[in-house]
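Worksheet: the structure to be examined is printed underneath.
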Amino acid sequence: MYRSHTCGELRTENIGNKVTLAGWVQKSRDLGGMTFMDLRDRYGITQLAFNEDENAALTAQARKCGREFVIQVEGEVIERSSKNTNIPTGEIEIKVTSLNVLNGSKTPPFTIEDNTDGGEELRLQYRYLDLRRNPVQEKLRLRNRVSLETRKYLDSQDFLDVETPVLIKSTPEGARDFVVPSRMNEGQFYALPQSPQTFKQLLMVSGFDRYYQIVKCFRDEDLRADRQPEFTQIDCEMAFVEQEDILNMFEGMIQHLFREVRGVELDAKFPRMTYAEAMERYGSDKPDIRFEMEFVYLNEVAKGKGFSIFDNAETVIGINAQDCSEYTRKQLDELTDWVKRPQIGALGMVYVKCNADGTFKSSVDKFYSQEDLAEWAKAANAKAGDLILVLSGDLEKVRKQMNELRLHMGNELGLRNPNVFKPLWVVDFPLLEWDEDSQRYHAMHHPFTSPKPEDFELIDTDPGKVRANAYDLAMNGVELGGGSIRIHDRALQSRMFDLLGFTKEEAQAQFGFLMSAFEYGAPPHGGLAFGLDRLVATMGGSESIRDYIAFPKNNSGRDVMIDAPSPLNDEQMAELGIKLR
RNA sequence: GGUUUGGUAGUUCAGUUGGUUAGAAUAUCGCCCUGUCACGGCGAGGGUCGCGGGUUCGAGUCCCGUCCAGACCGCCA
């Protein structure tokens with residue numbers, strides 16, 4: 001037996017116990033006649049004490065143990081003469097009687113401490129060392145709790161965990177596939193699933209009316225702080241349900257998770273908003289509703305006063321940044337530069353300061369009188385002391401730009417508290433989205449999403465207007481998950497593929513198995529999937545999902561620790577029948 | 001594919017207008033220190049200034065190219 005206790009569990013009630021501990025040397029403090037050593041494991045830190053007067057040889061041995069040595073000690077739990085109230089084990093220490101070095105260690109490339117001196121790149125390269133740090137371990141513990149409670153909840157609701165294949169078929173719709181060459185079928189390739197979508201629908205046809213899986217999905221697209229090429233979904237599907245049933249079920253799940261894992265009681269009933277409304281009020285399909293600063297449409301009050309930029313703009317949108325009228329010229333210039341960056345793409349920004357004395361000062365005073373600006377303030381519900389920021393141009397673009405500016409101001413003003421959680425169902429997404437590049441409609445969610453029956457007649461005349469039975473759960477400006485009521489009728493599914501520009505042959509080749517299944521009694525069904533990484537990161541108050549994944553990829557999709565991807569040798573390539581261009 | 005920021009000691013960073021032997025903190029090593037817990041004190045070692053080229057009497061600093069990394073846009077049904 002290597003240890004009788006962990007490094008996190010001994011307390012004053014253990015005083016007098018003879019114990020054996022094992023762990024890593026976090027740090028030692030050599031005071032001359034005395035040496036203290038912090039011994040660390042997953043559970044905590046326990047201080048070891050060595051006294052030269054009592055055992056000179058042992059103390060000398062302890063002094064030779066560097067950081068990250070793995071050691072085993074025997075000793076007696078004693079009360080500290082000077083206690084440390086910062087750690088749970090701070091009232092006791094171990095008077096060590098024997099020390100066994102289980103393994104030495106090179107000096108680590110960065111310090112294994114809560115506040116490490118290591119940068120991102122180095123930490124990823126030595127991820128096994130980074131994972132020794134408590135803040136990172138804490139994040140993985142959080143992830144474990146979320147995934148465990150997810151299973152508990154879904155199990156209690158009679159969901160069945162069914163595994164689906166990872167080597168499947170590539171389809172051109174959606175994200176790029178990761179592909180895997182087949183040795184036994186030369187010249188042919190599997191694809192890794194972007195989601196188990198079609199399989200879970202087939203499980204519904206099979207009668208597993210409540211399915212879930214916590215499953216890896218793969219998308220060969222560029223990475224972001226919140227996007228990894230392999231990521232984990234809580235993938236769910238239900239049969240004999242309507243949208244309302246699904247929203248209620250998973251509202252319950254999210255409430256359960258926050259209650260059990262974070263001790264947070266979310267809204268008893270999550271607010272809902274249509275996609276159209278979200279775009280109008282926030283310019284985003286995943287609005288952060290922790291703060292207001294909603295869009296104000298200023299067309300009525302801003303146009304027709306001779307300011308040609310507004311007069312010629314499709315729309316003029318403002319937001320009211322409360323209590324910001326004291327912004328300096330420099331701050332306003334910085335904001336203007338910020339929105340003019342190519343990533344945002346605004347051509348300019350107009351501001352109106354609602355001064356404390358009731359007057360107005362704007363960047364367009366030449367065109368607007370005090371009375372005009374008072375109208376703006378009224379429209380924006382701005383009081384003395386507020387600041388109105390205005391962008392104009394093409395409706396779709398301005399909404400997008402204003403969304404960015406709103407979130408930026410929310411950050412600047414500290415309105416996006418990571419410990420406040422505001423869920424929002426966004427419903428009634430459009431079924432289709434016009435794609436300029438390919439000059440055709442794409443499925444906004446996916447090709448299996450059912451249109452709203454009341455909009456169905458528009459499908460020939462104005463397909464872009466057709467709404468879908470599709471929904472997303474947004475929280476704090478993050479899309480946590482989404483889903484839809486699916487098509488379960490062969491004819492309608494076939495019609496969808498037509499609409500998306502598939503030929504009959506393509507549709508049959510790629511999704512024939514699904515359409516055939518629909519001919520054998522497919523029940524009405526629908527579902528959704530949550531991004532586990534994003535959910536956990538949001539619960540942990542982070543925007544980046546990387547620290548919530550044990551071994552993440554870097555910005556270029558590389559694993560810098562194992563140095564993947566990597567070339568194959570000639571023999572492997574020949575076996576696979578592959579030649580590089 | 002694009003925009004942008006960065007690359008200097010093991011690590012995190014500073015380095016002015018182009019000008020002496022490239023600094024600090026931390027880590028490491030040595031000596032001292034019996035109650036530390038960010039221990040303290042004294043000292044030492046540690047540099048291909050990402051790489052290649054150019055301008056110059058002289059380049060960490062300016063120019064060109066290139067590689068790597070971060071954030072973002074495109075992309076992500």
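First the proteins, then the strands, lettered A, B, ... as listed; each starts at 1. Everything numeric in this text was worked out from a predicted model, so none of it was measured.
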> What nucleic acid atoms does A:Asp30 come within less than 4.0 Å of, heavy atoms only: base, sugar-phosphate, or nothing?
Replying inline: base
>> Under 4.0 Å, counting only non-hydrogen atoms across every strand here, what does A:Thr107 touch: a base, just sugar-phosphate, or nothing?
In response: sugar-phosphate
Please report, to 0.1 Å, the donor-acceptor pairs under 3.5 Å made by any side chain of residues 119-126 of chain A, with sequence neighbours excluded.
{"from": "A:Arg123", "atom 1": "NE", "to": "A:Asp130", "atom 2": "OD1", "distance (Å)": "3.0"}
{"from": "A:Arg123", "atom 1": "NE", "to": "A:Asp130", "atom 2": "OD2", "distance (Å)": "3.2"}
{"from": "A:Arg123", "atom 1": "NH2", "to": "A:Asp130", "atom 2": "OD2", "distance (Å)": "3.2"}

>> Please confirm whether the shortest side-chain N or O distance from A:Asn555 to OP1 or OP2 of B:A69 is below 4.0 Å.
In response: no
>> Heavy-atom nearest nucleotide on RNA chain B for A:Asn84 versus A:Met444: which residue maps closer to 5'?
In response: A:Asn84
>> Quick check on B:U36: is either OP1 or OP2 less than 4.0 Å from any side-chain nitrogen or oxygen of A:Lys83?
In response: no
> Between A:Thr164 and A:Gln213, is any side-chain donor less than 3.5 angstrom from a side-chain acceptor?
Replying inline: yes
>> Once hydrogens and angles are ignored, does a donor-acceptor distance under 3.5 Å link the base of B:C76 to the side chain of A:Glu221?
In response: no
Pairs under 3.5 angstrom only: tabulate donor-acceptor contacts from the side chains of residues 407-415 of chain A to other protein residues two or more places apart or in another chain.
{"from": "A:Asn411", "atom 1": "OD1", "to": "A:Arg416", "atom 2": "NH1", "distance (Å)": "3.4"}
{"from": "A:Asn411", "atom 1": "ND2", "to": "A:Leu407", "atom 2": "O", "distance (Å)": "3.4"}

> Is there a donor and acceptor pair closer than 3.5 Å between the side chain of A:Arg558 and the base of B:C68?
Replying inline: no
> Less than 3.5 Å between a donor and an acceptor, one on the side chain of A:Arg219 and one on the base of B:C76, is that the case here?
Replying inline: no
>> By the 4.0 Å heavy-atom rule, please label A:Leu122 as base, sugar-phosphate, or nothing.
In response: sugar-phosphate
>> At 4.0 Å (heavy atoms only), tell me whether A:Ala49 reaches a base, stays on the sugar-phosphate, or touches nothing.
In response: nothing
>> Under 3.5 Å, is there a donor on one side chain and an acceptor on the other for A:Asn469 and A:Ser450?
In response: yes
> Using a cut-off of 4.0 Å on non-hydrogen atoms, how would the nucleic acid contact of A:Pro109 be classed: base, sugar-phosphate, or nothing?
Replying inline: sugar-phosphate
> Which part of the nucleic acid, if any, lies within contact of A:Lys106, taking any heavy atom under 4.0 Å across all strands shown: a base, the sugar-phosphate backbone alone, or nothing?
Replying inline: nothing
> Think A:Arg29 has a side-chain N or O under 4.0 angstrom from the OP1 or OP2 of B:U36?
Replying inline: no
> Is A:Arg224 touching bases, backbone alone, or none of the nucleic acid, heavy atoms closer than 4.0 Å?
Replying inline: base
> Does B:C72 pair with anything, Watson-Crick or G-U wobble, both distances under 3.5 Å, and if so, with which nucleotide?
Replying inline: B:G2
>> Please name the nucleotide paired to B:A14 by Watson-Crick or G-U wobble geometry with both distances under 3.5 Å, or report none.
In response: none
> A:Asp235 and A:Tyr211: side-chain donor and acceptor closer than 3.5 Å?
Replying inline: yes
>> If the cut-off is 4.0 Å, is A:Arg67 near the phosphate of B:U28, judged by side-chain N/O to OP1 or OP2?
In response: yes
> Who does B:G46 pair with, Watson-Crick or G-U, both distances under 3.5 Å?
Replying inline: none
> Which comes earlier along RNA chain B counting from the 5' end, the contact point of A:Glu93 or that of A:Arg546, where each point is its nearest nucleotide?
Replying inline: A:Glu93
>> Looking at A:Arg127 and A:Asp547, is any side-chain nitrogen of the basic one under 4.0 Å from a carboxylate oxygen of the acidic one?
In response: yes
> In the strands shown, is B:A9 matched to any nucleotide by a Watson-Crick or G-U wobble pair with both distances under 3.5 Å, and which?
Replying inline: none
> When the C1' atoms of B:A38 and B:U56 are considered, how many whole Å apart are they?
Replying inline: 47 Å
> Distance between the P atoms of B:G47 and B:G23, in whole angstroms?
Replying inline: 13 Å
> Quick one: does A:Gln47 reach the base of B:U36 with a side-chain donor-acceptor pair under 3.5 Å?
Replying inline: yes
> How is A:Ser556 classified with respect to the nucleic acid when contacts are heavy atoms under 4.0 Å: base, sugar-phosphate, or nothing?
Replying inline: sugar-phosphate
> What class does the angle between the rings of A:Phe178 and A:Phe218 fall in, given that below 30° is parallel, 30 to 60° is tilted and above 60° is perpendicular?
Replying inline: perpendicular
>> Only pairs with both distances under 3.5 Å count, Watson-Crick or wobble alike; so what is the partner of B:G40 in this structure?
In response: B:C32
> Taking the six-membered ring for Trp, does A:Phe36 stack with B:U36 (centroid gap under 5.5 Å, planes within less than 30°)?
Replying inline: yes
> Is a donor-acceptor contact shorter than 3.5 angstrom present between the side chain of A:Asp222 and the base of B:G74?
Replying inline: yes
>> Within the 4.0 Å heavy-atom criterion, would you say A:Asp220 contacts the bases, only the backbone, or no part of the nucleic acid?
In response: nothing
